[in-house]
Trainee: 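Here it is, the structure in full.
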Amino acid sequence: MKTLMRAAANGIVTAVVFVVAVYFVADAASGPLLVEGSNGGLAEARLVGAVVFTILGGLISAGIAYLLRTRPRAELRFINICAGFLIVSGAWAFSQAHDLTTGIWLNVMHLAAAAPIIDQLRRWLRSR
């Protein structure tokens with residue numbers, strides 16, 4: 001049986017690879033991803049920020065999986081919670097994006113980050 005940390009690490013590493021790939025494809029396809037800056041101006045979404053948020057999201061997801069591990073239907077509850085967070089983060093990404101294309105790319109990055117993390121942690125919950 002895979003440990004929680006191994007499942008989380010596998011998901012996070014895969015997610016980081018996917019996010020980096022999407023970031024470079026997005027940059028090549030549509031130019032810099034411009035978002036609303038903290039000072040009201042525009043800022044470019046940075047790759048390091050995407051990687052840091054992917055790692056944090058994976059660790060938070062592992063914590064949620066850990067807390068749900070003994071609950072009935074833990075796998076379904078975990079997927080529902082993650083889906084809720086994805087919807088909220090997707091709406092936030094669109095609200096911060098300078099244009100529609102950036103909003104779409106940011107959401108593709110969210111999905112690229114979430115899919116392997118959720119899958120690995122879902123499998124870990126199922127094996128319990």
Trainee: What is the distance from atom CG of Leu121 to atom OH of Tyr66, rounded to the nearest 0.5 Å?
Mentor: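 Here the rounded value is 14.0 Å.
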
Trainee: Are side-chain heavy atoms of Ile79 and Arg122 found at a separation under 4.5 Å?
Mentor: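 Yes; the side chains approach each other to less than 4.5 Å.
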
Trainee: Between Leu33 and Glu44, does the side chain to side chain contact (heavy atoms under 4.5 Å, CB included) criterion hold? Intermediate values first, please.
Mentor: CA-CA 6 Å; Leu33 301 176; Glu44 184 177 348; 5.6 Å; no

Trainee: Can you tell me how far CD1 of Ile118 sits from CG of Leu125, rounded to the nearest 0.5 angstrom?
Mentor: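 Output value for this atom pair is 11.5 Å.
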
Trainee: Can you measure from CD1 (Ile104) to OG (Ser30) and round to the nearest 0.5 angstrom?
Mentor: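 It is 9.5 Å, given to the nearest 0.5 Å.
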
Trainee: Working to the nearest 0.5 Å, report the span between CD1 of Ile87 and NE2 of His110.
Mentor: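 Between Ile87 CD1 and His110 NE2, I get 12.5 Å after rounding to 0.5 Å.
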
Trainee: Look at the side-chain heavy atoms of Ile, Leu, Val, Met, Phe, Trp and Tyr, link any pair under 4.5 Å apart, and say whether Val13 and Leu59 land in one connected group.
Mentor: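 No, it is not one cluster - the side chains of Val13 and Leu59 are not joined through contacts under 4.5 Å.
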
Trainee: Measure across Ala62 and Met5 and return the closest heavy-atom pair with its distance rounded to 0.1 Å.
Mentor: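 So the two residues come closest at CB-CE, 4.4 Å.
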
Trainee: Check step by step if side chain to side chain contact (heavy atoms under 4.5 Å, CB included) holds for Val22 and Leu111.
Mentor: CA-CA 10 Å; Val22 170; Leu111 293 173; over 6 Å; no

Trainee: State whether the number of non-hydrogen atoms from other residues, nucleotides or ligands found under 6.0 Å of Arg71 atom CZ is greater than 12.
Mentor: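 Not more than 12 within 6.0 Å, no.
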
Trainee: Are Val52 and Val17 in one and the same hydrophobic cluster, where Ile, Leu, Val, Met, Phe, Trp and Tyr link if side-chain heavy atoms are under 4.5 Å apart?
Mentor: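 No, no single cluster joins them.
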
Trainee: Are Leu68 and Ile60 linked, directly or through intermediate hydrophobic residues, by side-chain heavy-atom contacts shorter than 4.5 Å (ILVMFWY only)?
Mentor: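 Result: yes, single cluster for both.
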
Trainee: Using the rule given for side chain to side chain contact (heavy atoms under 4.5 Å, CB included), can you reason through Leu47 versus Val20, listing the C-alpha separation, both sets of side-chain angles and the distance that settles it, and then say yes or no?
Mentor: CA-CA 7 Å; Leu47 180 58; Val20 169; 4.0 Å; yes

Trainee: May I ask whether Ile64 and Leu4 are part of the same hydrophobic cluster, defined by side-chain heavy atoms of I, L, V, M, F, W, Y residues being less than 4.5 angstrom apart, directly or through others?
Mentor: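 Same cluster.
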
Trainee: Keeping the roles fixed (side chain from Ser61, backbone from Gly57), state whether a donor-acceptor pair exists under 3.5 Å.
Mentor: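 Judged by distance alone, yes, a pair lies under 3.5 Å.
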
Trainee: OH of Tyr23 to CG of Leu106: how many Å apart, nearest 0.5 Å?
Mentor: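 Result: 10.0 Å between the selected atoms.
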
Trainee: If you look at every heavy atom in Ala26 and Trp105, which pair is closest and at what distance?
Mentor: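 Taking Ala26 first and Trp105 second, the nearest heavy atoms are CB-CD2, 3.3 Å.
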
Trainee: Mind checking the CD-CH2 spacing from Gln96 to Trp92? Nearest 0.5 Å is all I need.
Mentor: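 Spacing of CD (Gln96) from CH2 (Trp92) equals 5.0 Å.
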
Trainee: What is the minimum heavy-atom distance between Glu36 and His98, and which atoms define it?
Mentor: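 The answer is OE2-CA, 4.2 Å.
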
Trainee: Let me check something: do Leu34 and Phe53 share a hydrophobic cluster, defined by ILVMFWY side-chain heavy atoms less than 4.5 Å apart, either directly or through other members?
Mentor: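 No, separate clusters.
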
Trainee: Would you name the heavy atoms of Ala50 and Met109 that are closest together and state the gap between them?
Mentor: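 Reported closest heavy-atom pair: CB-SD, 4.4 Å.
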
Trainee: Please examine the side chains of Leu42 and Val35, heavy atoms only from C-beta on, and report whether any two atoms are closer than 4.5 Å.
Mentor: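 Val35 does not reach Leu42 side chain to side chain.
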
Trainee: Show, in sequence, the C-alpha distance, side-chain angles and deciding distance for Arg6 and Trp124, and conclude whether the side chain to side chain contact (heavy atoms under 4.5 Å, CB included) test is met.
Mentor: CA-CA 9 Å; Arg6 181 176 291 171; Trp124 177 78; over 6 Å; no

